[in-house]
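Below is one structure, written out as structure tokens, with a few remarks after it.
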Amino acid sequence: MSGTVSRSLVIVLAVVLVGVLGLAALSTGAGTAPTGQPTREMVLRGRYLVTAAAGCQHCHQGADPNDLQWLAGSSRVFQVGAFKVYASNLTPDPTGLGTWTAQQVFDSLRLGKAPDGKYLAPPMPWPGYRNLSDDDLGAIVAYLRSIKPVANAVPVSEGPNAAPGQRGDWSASYEKLQPFPEYPGTQEIPVD
């Protein structure tokens, strides 16, 4: 084999390997929460995403960030099939996300799983959030960690096959979930 052909083959194989690793990272939901002190810009971006784009307050409680129960969860029940679901406390209190690391909050939004490995309840629209950029998910994490902790132990969601005091298993709700299609989709006109 000539030197030029072998160098070309190595380059092609390297490009293929990088592509395969990139696809593997996407399919596993890889991503990393930001570390260090968040910037004001990051927190404000997260606030926008939480309040305007995601509308977290509609389930997790509070009219606005001046509400003393802002994002502290709710004992209002959401009936989803055989499950009784309660919106979790999203504040950094131990009764909420206070014991979760930034990476665990990030992963819950990207992968839809709590630190114990169980899926979040179906009303939680994480299948849409999983398509947000790492920067946007990081901004949401930064914002949620920047609000005041509120002690509010929300009831444990109930469902079939769950032991008393244990969360239900929502796995069946997500087992056929497909990755979001690449741009452009068949109904999208490509923009250069």
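In this text, all values refer to a predicted model and were calculated from it rather than measured experimentally. Quick note: numbers below take in every heavy atom, side chains included, and nothing from hydrogens, waters or symmetry partners.
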Fill in: Residue of the set N89, D93, T95 for which side-chain hydrogen bond (donor to acceptor under 3.5 Å, both in side chains) holds with T91
N89
Worksheet item: Distance-only, no hydrogens or angles: does the H60 side chain make a donor-acceptor pair with backbone N or O of L90 under 3.5 Å?
Response: no
Response to the item:
Nearest heavy-atom contact between L49 and A139 is CD1-CB, 4.5 Å
Worksheet item: Any donor and acceptor pair, going by atom type alone, linking the side chain of Y48 with main-chain N or O of V43 inside 3.5 Å?
Response: no
Discussion item. Given 3.5 Å as the limit, does a donor-acceptor pair link the side chain of R145 with the main chain of A142, or not?
Written reply: no
Fill in: Worked check of side-chain contact (heavy atoms from CB on, under 4.5 Å) between T101 and V105
CA-CA 6 Å; T101 66; V105 176; over 6 Å; no
Worksheet entry | Closest non-hydrogen atom pair, A54 against Y129 | CB-OH, 3.3 Å
Worksheet item: If we only count heavy atoms from C-beta on, is the C56 to Y143 side-chain gap below 4.5 Å?
Response: no
Worksheet item: Of the non-hydrogen atoms in Y119 and L111, which two are nearest, and what is the gap between them?
Response: CE2-O, 3.7 Å
Response to the item:
What one should report as the nearest heavy-atom pair of A114 and L120 is N-CD2, 4.0 Å
Worksheet item: Within a strict 4.5 Å, meaning less than it, do heavy atoms of the P92 and I147 side chains meet?
Response: yes
Discussion item. Check for me, please, whether Y86 and L71 land in the same ILVMFWY cluster - side-chain distances under 4.5 Å, paths through other members count.
Written reply: no
Worksheet entry | Gap between atom CG of L132 and atom CZ of F106 - 0.5 Å precision | 9.5 Å
Response to the item:
For S74 and C59 the tightest heavy-atom approach is CB-O, 3.8 Å
Discussion item. If I take atom OG1 from residue T51 and atom NE2 from residue H58, how far apart are they, to the nearest 0.5 angstrom?
Written reply: 9.0 Å
Discussion item. Show the nearest heavy-atom pair for residues G31 and D134, with the distance to one decimal.
Written reply: CA-OD2, 3.7 Å
Practice prompt. Using the test side chain to side chain contact (heavy atoms under 4.5 Å, CB included), find all partners of P123 that sit at least two apart in sequence or belong to another chain.
Written response: F78, V80, V85, A121
Worksheet item: Hey, what do you get for OG (S88) to CE (M124), rounding to the nearest 0.5 Å?
Response: 8.5 Å
Worksheet item: Are any non-hydrogen side-chain atoms of Q61 and W70 less than 4.5 angstrom apart?
Response: no
Worksheet item: Within a strict 4.5 Å, meaning less than it, do heavy atoms of the L137 and R110 side chains meet?
Response: yes
Worksheet item: Mind checking whether L177 and R130 have side chains closer than 4.5 Å, heavy atoms only?
Response: yes
Discussion item. List the residues meeting side chain to side chain contact (heavy atoms under 4.5 Å, CB included) with P184, not counting sequence neighbours, and say none if there are none.
Written reply: E188, P190
Worksheet item: L97, V50: one ILVMFWY side-chain cluster at the under-4.5 Å cut-off?
Response: yes
Worksheet item: Hey, are the side chains of W100 and P115 touching, using non-hydrogen atoms and a 4.5 Å cut-off?
Response: yes
Discussion item. For the CZ atom on R47, are there more than 12 heavy atoms of other groups (residues, nucleotides or ligands in this structure) within a distance under 6.0 Å?
Written reply: no
Item to complete: Before accepting this row, confirm whether a basic side-chain N of the pair R45/D136 lies closer than 4.0 Å to the acidic partner's carboxylate O.
Response: yes
Worksheet item: Side chain of Q79, backbone of G81: donor and acceptor closer than 3.5 Å?
Response: yes
